[in-house]
Amino acid sequence: MNHTNFPLKIQQLETFSNRFEAFKLNAENCKVLFAMYPGGSVIEPHSHNTGNCGVVTRGKLYLTVDGQESEYSPGDWYQVSTNQVHSARFLEDTEAIEFWFSDK
């Protein structure tokens, strides 16, 4: 994994790799991802069967939902509804804590 500011205990969690890399903590009806996005990363438009929210802890997230791009900095929370198409880009190394809630 890339250099991260996440504490060692977080770095020892199960790894997750898909459109980005993360450390994964499973909770009841929720995945908690400690996500790392290298600068220059682009996440193409997609959707999830989960409701997602998160907080940026380092860097900046440029999130596009319904054709509207918003910028999120450390301490800012974001939210994407279940099955809502969205995309993201990262101009600098960025980290976030993400919560993917299932509808169960």
Side-chain angles (χ1 to χ4, degrees):
M1 296 237 166
N2 298 328
H3 172 73
T4 177
N5 288 331
F6 290 124
L8 182 58
K9 285 285 191 190
I10 302 286
Q11 294 179 45
Q12 293 172 338
L13 294 171
E14 178 183 350
T15 58
F16 172 92
S17 184
N18 192 330
R19 295 180 178 92
F20 60 94
E21 293 183 351
F23 302 106
K24 181 173 71 170
L25 176 65
N26 288 315
E28 189 170 335
N29 298 324
C30 180
K31 287 183 186 172
V32 181
L33 299 173
F34 298 87
M36 297 158 289
Y37 302 92
S41 295
V42 175
I43 309 282
E44 299 298 329
H46 66 285
S47 63
H48 304 270
N49 62 355
T50 57
N52 299 4
C53 63
V55 61
V56 175
T57 59
R58 182 176 83 153
K60 288 192 180 197
L61 159 64
Y62 298 87
L63 179 65
T64 301
V65 178
D66 296 330
Q68 179 76 29
E69 183 178 73
S70 298
E71 178 183 316
Y72 298 90
S73 297
D76 292 341
W77 283 87
Y78 56 91
Q79 182 171 328
V80 178
S81 299
T82 303
N83 297 319
Q84 188 170 39
V85 175
H86 59 285
S87 62
R89 61 189 183 95
F90 307 87
L91 300 179
E92 60 190 89
D93 290 350
T94 300
E95 293 180 352
I97 302 172
E98 301 184 0
F99 302 86
W100 294 13
F101 293 96
S102 65
D103 290 335
K104 294 179 182 179

Checklist line | Any side-chain donor near an acceptor of the partner, W77 and Q79, under 3.5 Å | finding: no

Checklist line | Distance-minimising heavy-atom pair for S73 and V56 | finding: O-CB, 3.5 Å

Notebook entry, point to check: Do R89 and E69 pass the salt bridge (Lys or Arg N to Asp or Glu O under 4.0 Å) test, and can you show the C-alpha distance, the side-chain angles, and the key distance before you say yes or no?
Noted result: CA-CA 10 Å; R89 61 189 183 95; E69 183 178 73; 2.7 Å; yes

Margin query: So does F23 get a backbone contact from the side chain of T15, meaning a donor-acceptor N/O pair under 3.5 Å?
Written below: no

Item checked: Heavy-atom closest contact (F101 atom, N52 atom, distance) -> N-OD1, 4.5 Å

Notebook entry, point to check: Can you find a pair of side-chain heavy atoms, one from N83 and one from N49, that are under 4.5 Å apart?
Noted result: yes

Margin query: Side chains of I10 and L8, heavy atoms from C-beta outward: is any pair under 4.5 Å?
Written below: no

Checklist line | Heavy-atom pair of closest approach, residues A22 and A35 | finding: CB-CA, 3.8 Å

Margin query: On a heavy-atom basis, which atom in P74 and which in G59 lie closest, and how many Å separate them?
Written below: CD-O, 3.1 Å

Checklist line | Donor on one side chain, acceptor on other, Q11 and T4, under 3.5 Å | finding: no

Item checked: Nearest non-hydrogen partners of V85 and P45, listed with the distance -> CG1-CB, 4.0 Å

Item checked: Side-chain donor or acceptor of T82 paired with backbone N/O of G51 under 3.5 Å -> yes

Check: Is a side-chain N or O of D93 found less than 3.5 angstrom from the main chain of G39, in a donor-acceptor match?
Finding: yes

Check: Where the side chain of T94 meets the backbone of E92, is there a donor-acceptor pair that is under 3.5 Å apart?
Finding: yes

Checklist line | CD/Q12: more than 12 non-hydrogen atoms of other groups inside 6.0 Å | finding: yes

Check: Would a 4.5 Å heavy-atom cut-off, applied to side chains only, mark L25 and K31 as touching?
Finding: no

Margin query: So if I apply the ring-ring contact (aromatic ring centres under 6.0 Å, His included) rule between F20 and each of F90, Y37, F34, which one comes out positive?
Written below: Y37

Notebook entry, point to check: What's the shortest heavy-atom distance between L13 and K24, and which atoms?
Noted result: CB-O, 3.6 Å

Notebook entry, point to check: So do the side chains of T64 and S87 get within less than 4.5 Å of each other, counting heavy atoms only?
Noted result: yes

Margin query: Between K60 and E71, does any side-chain N to carboxylate O distance fall below 4.0 Å?
Written below: yes

Next item on the list: Indicate, with yes or no, if Y62 and M36 share a hydrophobic cluster defined by side-chain heavy-atom contacts under 4.5 Å among Ile, Leu, Val, Met, Phe, Trp and Tyr.
Entry: no

Checklist line | Side chain to side chain, F99 and T50, heavy atoms closer than 4.5 Å | finding: no

